[in-house]
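Encoded as structure tokens, the structure appears first; notes follow it.
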Amino acid sequence: MSRGRVGVLVPPANPAAEPELARLLGSRADMHVSRFPVRPGYSLAERLEMYNATLPDMIRSFGGLRLDALVMACSGSRYLIGPEQDRYRCEELSKEFGVPFASATLATWEAFEHVGTHDFILVSPYQPWLTELAERFWAEAGLIVTKVVPVFAKGRTSPYDVTPAELVRQVEEADLPHDAVVLFSGTGMATLPALGSLGTGNDRILLTSNLCSAWWALSQATGQPLTLSRVPHRRAAQRQHS
């Protein structure tokens, strides 16, 4: 079977998107990455706005490489513009460059539709203002955020520095319902190592920005609809304990 090609656009200091997406894409697709330019001296909000503005140039950075799908591995920048603008701009870029394109947020929105949920718990490593924008984004998308669980790295807001152990501890302390749908937002926060622990002994649906992005990209690259498991790696965990 021929392997698909997935292009990924990544913020310059993001430490988690590439290793997690590579693991999730597995043997079914090759990953090709281009990183947004470093913008020293700008605030986070200004950098996020620049990611949106430079998307066409970033797509052109792949040159003549044929891609089967293209993902923007960044959620925060799309929380600035809202879901309808996000979807519209992704559709326009898909038409302009002739390759299916989605932001991490659009892929997540489609994942929510896929699993058939309308309400979820948001796990956010962001600064409060960006968490508020995330809540507004999902509300405008017709979804209900029933609870927000802020997570910190050594007591401070730093998405790229949250360890899996810190993530597990803080989510467990939030005492989430056993059947909750949970979104771990942020492509730069390492989430895959935490899902096994957080999904053991319950019926939660655990979604992450990287998981949803990989699911969307593989569906596009392979031309085959893929089903999201309720909890990734649940079967592996069951085998280990059997």
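Taking 4.5 Å as the limit, every side-chain heavy atom of Thr117 sits out of range of all side-chain heavy atoms of Ile205. The side-chain heavy atoms of Thr108 and Leu207, taken from C-beta on, include no pair separated by under 4.5 Å. Considering only heavy atoms from C-beta on, Glu110 stays 4.5 Å or farther from His114 through its side chain. For the pair Val8/Glu18, no side-chain contact is recorded, criterion being any heavy-atom separation below 4.5 Å from C-beta on. Using a 4.5 Å cut-off on side-chain heavy atoms (C-beta onward), Tyr126 and Leu133 make no contact. Proximity of Glu132 to Ser124: side-chain heavy atoms (C-beta onward) are nowhere separated by under 4.5 Å. Counting only heavy atoms from C-beta outward, the side chains of Pro12 and Tyr51 approach each other to under 4.5 Å. Looking at heavy atoms from C-beta onward, Leu167 lies in side-chain contact with Val123 at the 4.5 angstrom threshold.
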I would like to know whether Asn210 and Thr191 meet side chain to side chain donor-acceptor pair (under 3.5 Å); could you show each step before the answer? CA-CA 8 Å; Asn210 288 330; Thr191 53; 5.0 Å; no

Check the pair Phe184, Val162 against side-chain contact (heavy atoms from CB on, under 4.5 Å), reporting the backbone distance first and the verdict last. CA-CA 12 Å; Phe184 300 80; Val162 176; over 6 Å; no

Chi angles and distances behind the side-chain contact (heavy atoms from CB on, under 4.5 Å) call for Asp161, Arg156: CA-CA 9 Å; Asp161 296 315; Arg156 61 190 179 91; 3.3 Å; yes

Does the pair Leu55 and Phe36 meet the rule for a side-chain contact (heavy atoms from CB on, under 4.5 Å), with working shown? CA-CA 9 Å; Leu55 266 177; Phe36 287 96; 4.1 Å; yes

Given Trp129 and Leu44, is the side-chain contact (heavy atoms from CB on, under 4.5 Å) satisfied, shown in steps? CA-CA 11 Å; Trp129 67 268; Leu44 174 59; 3.9 Å; yes

Apply salt bridge (charged side-chain N to carboxylate O under 4.0 Å, His left out) to residues Arg60 and Glu96 and explain how you reach the verdict. CA-CA 11 Å; Arg60 294 187 189 98; Glu96 180 179 354; 3.5 Å; yes

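For Val71 against Ala217, the heavy-atom pair with the smallest separation is CG2-CB, 3.8 Å. In plain terms, the two heavy atoms of Ala22 and Met31 that are nearest each other are CB-CE, 3.9 Å. Scanning all heavy atoms of the two residues, the minimum distance from Leu21 to Ala73 falls at CD1-CB, 4.5 Å. Between Tyr160 and Pro11, the closest heavy-atom pair is OH-CB, 3.7 Å.
The residue from Glu172, Glu173, Glu166 that alone fulfils the salt bridge (Lys or Arg N to Asp or Glu O under 4.0 Å) condition with Arg169 is Glu173.
For the salt bridge (charged side-chain N to carboxylate O under 4.0 Å, His left out) test, no residue two or more places apart in sequence or in another chain qualifies with Lys154.
Under a 3.5 Å cut-off, the side chain of Gln127 and the backbone N or O of Thr157 do not form any donor-acceptor pair. A donor-acceptor pair is defined here as one N or O able to donate and one able to accept, closer than 3.5 Å; such a pair exists between the side chain of Asp68 and the backbone of Arg5. Remark: side-chain polar atoms of Arg28 are not paired, donor with acceptor, to backbone N or O of Ala221 under 3.5 angstrom. Under a 3.5 Å cut-off, the side chain of Gln170 and the backbone N or O of Phe152 do form a donor-acceptor pair. A distance-only check finds no donor-acceptor pair linking the side chain of Trp216 to the backbone of Ala111 [under 3.5 Å]. Remark: side-chain polar atoms of Ser43 are paired, donor with acceptor, to backbone N or O of Glu46 under 3.5 angstrom. The backbone N or O of Val181 lies less than 3.5 Å from no partner atom in the side chain of Arg204, so there is not a single donor-acceptor pair. With Gln85 contributing its side chain and Gly82 its backbone, the two residues share no donor-acceptor pair below 3.5 Å. Of the possible polar contacts, one joining the Arg3 side chain to the Ser27 backbone as a donor-acceptor pair under 3.5 Å is found.
Criterion: ILVMFWY side-chain heavy atoms under 4.5 Å apart, direct or through other members. Under it, Ile144 and Val182 are not part of a common hydrophobic cluster. Residue Tyr88 is not grouped with residue Leu93 when hydrophobic side chains (ILVMFWY) are merged at heavy-atom distances under 4.5 angstrom, including chains of intermediate members. Placement of Leu130 and Met50 in two distinct hydrophobic clusters is found when ILVMFWY residues are connected by side-chain heavy-atom separations under 4.5 Å, directly or transitively.
Under 4.0 Å is where a charged nitrogen must lie from a carboxylate oxygen, and between Glu92 and Arg89 no such pair does.
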For residues 74-81, which side-chain donor-acceptor pairs fall under 3.5 Å, sequence neighbours excluded?
| residue | atom | partner | partner atom | Å |
| --- | --- | --- | --- | --- |
| Ser75 | OG | Ser209 | OG | 3.3 |
| Ser77 | OG | Asn52 | OD1 | 3.4 |
| Arg78 | NE | Asp86 | OD1 | 2.8 |
| Arg78 | NH1 | Asn52 | OD1 | 2.7 |
| Arg78 | NH2 | Asp86 | OD1 | 3.3 |
| Tyr79 | OH | Trp138 | NE1 | 3.2 |
| Tyr79 | OH | Ser185 | OG | 2.8 |

